[in-house]
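For reference, the structure discussed in these notes is given below.
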Amino acid sequence: MGNLQDHGLYQDCLYEVLACTISKKKEYPNTSSMGIRIIDDKLLKIKPYYNTMTHENIKECGTVSLNFIDDVALFAQASLKEIKGGFKGIPIEDYLYYDYNYRRKDYKIPYLKQSWMVIFCNVVNETQIMKQDNMGTINATEFELEVIYSIKKKESFKLYNRAENLALESIILATRLKIARENKDDILCSKIETRINEYLKMITQFGRNSSALKTVNLVKDYIKLL
Ligand SMILES: Cc1cc2nc3c(=O)[nH]c(=O)nc-3n(C[C@H](O)[C@H](O)[C@H](O)COP(=O)(O)O)c2cc1C
């Protein structure tokens, strides 16, 4: 296995991935969109918020797979979680497993068939953080991860275009809207909704990007159910 730079990932850069985790109690794996930051050739950081399943699972198991994905709509499928009978997440048949033995313990780390690169990691350190921006305050744990194994299926690196970048942002905002709704913060809700609608309109105007347009529909349906 090469180091992170050999995989085309650069120090201090941020990348958006799908993080797959599993809990000891539940057999069903969990997948969620997460940002990662590269620290050096073997270490990186991930910052799941307290209220996420990813946070709970990483805390419990200490392992995660980071899946690099071309299709933006899969980020929506992963992050817009089940509400009122809709949005089922990633289906079980999309998962594969990496068997791993660490300090005489066996682990089965889930990962996604659709990924073009997967990095399997162990937690080596953690720090509690509070993040504040104009879309609210978030409590999270910053987990420092070390690479234990990786799979690279192809060389090319997906560069998202404007429509896809806005699609990713609108999914993030939809997940923030859910939290604002739960907190009954009406002012924040309307601020987020306005921003989402602007982004969705722009994506539609860019046109013809099927993955981004599929995301627009998923985000619209999700917001209606909130
Ligand atoms: C591109 C993208 C990046 C995201 N990055 C993060 C992140 O770094 N930390 C986080 O907690 N949530 C992040 N989110 C939001 C989570 O994906 C979302 O809250 C999700 O529903 C959590 O799912 P879980 O409870 O299964 O972990 C991101 C969403 C998107 C679309």
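Read the numbers this way: they start at 1 and go in the same order the structure lists the ligands and their atoms. Everything numeric here is computed off the predicted structure, so don't read it as measured data. Just so you know, residue 1 is the first one in the sequence shown, and it goes up from there.
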Determine whether the side chain, the backbone, both or neither of K81 has a heavy atom under 4.0 Å from any heavy atom of ligand 1. side chain
I'd like to know if A140 contacts ligand 1, where contact means a heavy-atom distance under 4.0 Å to any ligand atom.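 The answer is no, since A140 has no heavy atom less than 4.0 Å from ligand 1.
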Verify, without hydrogens or angle tests, whether S211 (side chain) and A73 (backbone) share a donor-acceptor contact under 3.5 angstrom.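 At least one qualifying donor-acceptor pair exists.
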Quick one: pull up [atom1] in [X] and [atom2] in [Y] and give me the separation to the nearest 0.5 Å.
{"X": "S79", "Y": "I172", "atom1": "OG", "atom2": "CD1", "value": "8.5 Å"}
{"X": "I223", "Y": "R181", "atom1": "CD1", "atom2": "CZ", "value": "8.0 Å"}
{"X": "T54", "Y": "K47", "atom1": "OG1", "atom2": "NZ", "value": "15.0 Å"}

Derivation of the side-chain contact (heavy atoms from CB on, under 4.5 Å) call for L112 and L96: CA-CA 6 Å; L112 295 178; L96 297 170; over 6 Å; no
Nearest protein heavy atom with distance in Å, relative to [atom]:
{"atom": "atom 2 (C) of ligand 1", "value": "I172 CG1, 3.4 Å"}
{"atom": "atom 19 (O) of ligand 1", "value": "T175 CB, 3.7 Å"}
{"atom": "atom 7 (C) of ligand 1", "value": "M34 SD, 3.5 Å"}
{"atom": "atom 5 (N) of ligand 1", "value": "G35 N, 3.3 Å"}
{"atom": "atom 11 (O) of ligand 1", "value": "Y49 N, 2.7 Å"}
{"atom": "atom 1 (C) of ligand 1", "value": "E16 OE1, 3.6 Å"}
{"atom": "atom 20 (C) of ligand 1", "value": "S32 OG, 3.5 Å"}

If you measure from the Lys or Arg side-chain nitrogens to the Asp or Glu carboxylate oxygens, is any gap between R37 and E142 under 4.0 Å?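 No.
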Would you tell me whether N122 and Y107 have side-chain atoms, one donor and one acceptor, within less than 3.5 Å of each other? no
Quiz question: by atom type and distance under 3.5 Å, do the side chains of T127 and N125 form a donor-acceptor pair? no
Going by the atom numbers of ligand 1, which of them fall below 4.0 Å from some non-hydrogen atom of [X]?
{"X": "M53", "answer": "24 (P), 25 (O), 26 (O), 27 (O)"}
{"X": "K47", "answer": "7 (C), 8 (O), 9 (N), 10 (C), 11 (O)"}
{"X": "L168", "answer": "1 (C), 31 (C)"}

Is the gap between the ring centers of Y98 and Y149 under 6.0 Å?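 Distance test on ring centres: under 6.0 Å, yes.
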Evaluate the side-chain proximity of I119 to L9: yes if any heavy-atom separation is below 4.5 Å, no if none is. yes
The option among N30, L173, N139 carrying the non-hydrogen atom nearest to atom 26 (O) of ligand 1 is N30
Pick from S33, A19, C20: the one approaching atom 4 (C) of ligand 1 most closely through a non-hydrogen atom: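 Shortest heavy-atom distance from atom 4 (C) of ligand 1: S33.
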Would [X] count as a polar contact of ligand 1, with the cut-off being nitrogen or oxygen pairs under 3.5 Å?
{"X": "S79", "answer": "yes"}
{"X": "T54", "answer": "yes"}
{"X": "I171", "answer": "no"}

Considering non-hydrogen atoms only, spot the tightest contact between Y95 and N30 and give its length. OH-C, 3.9 Å
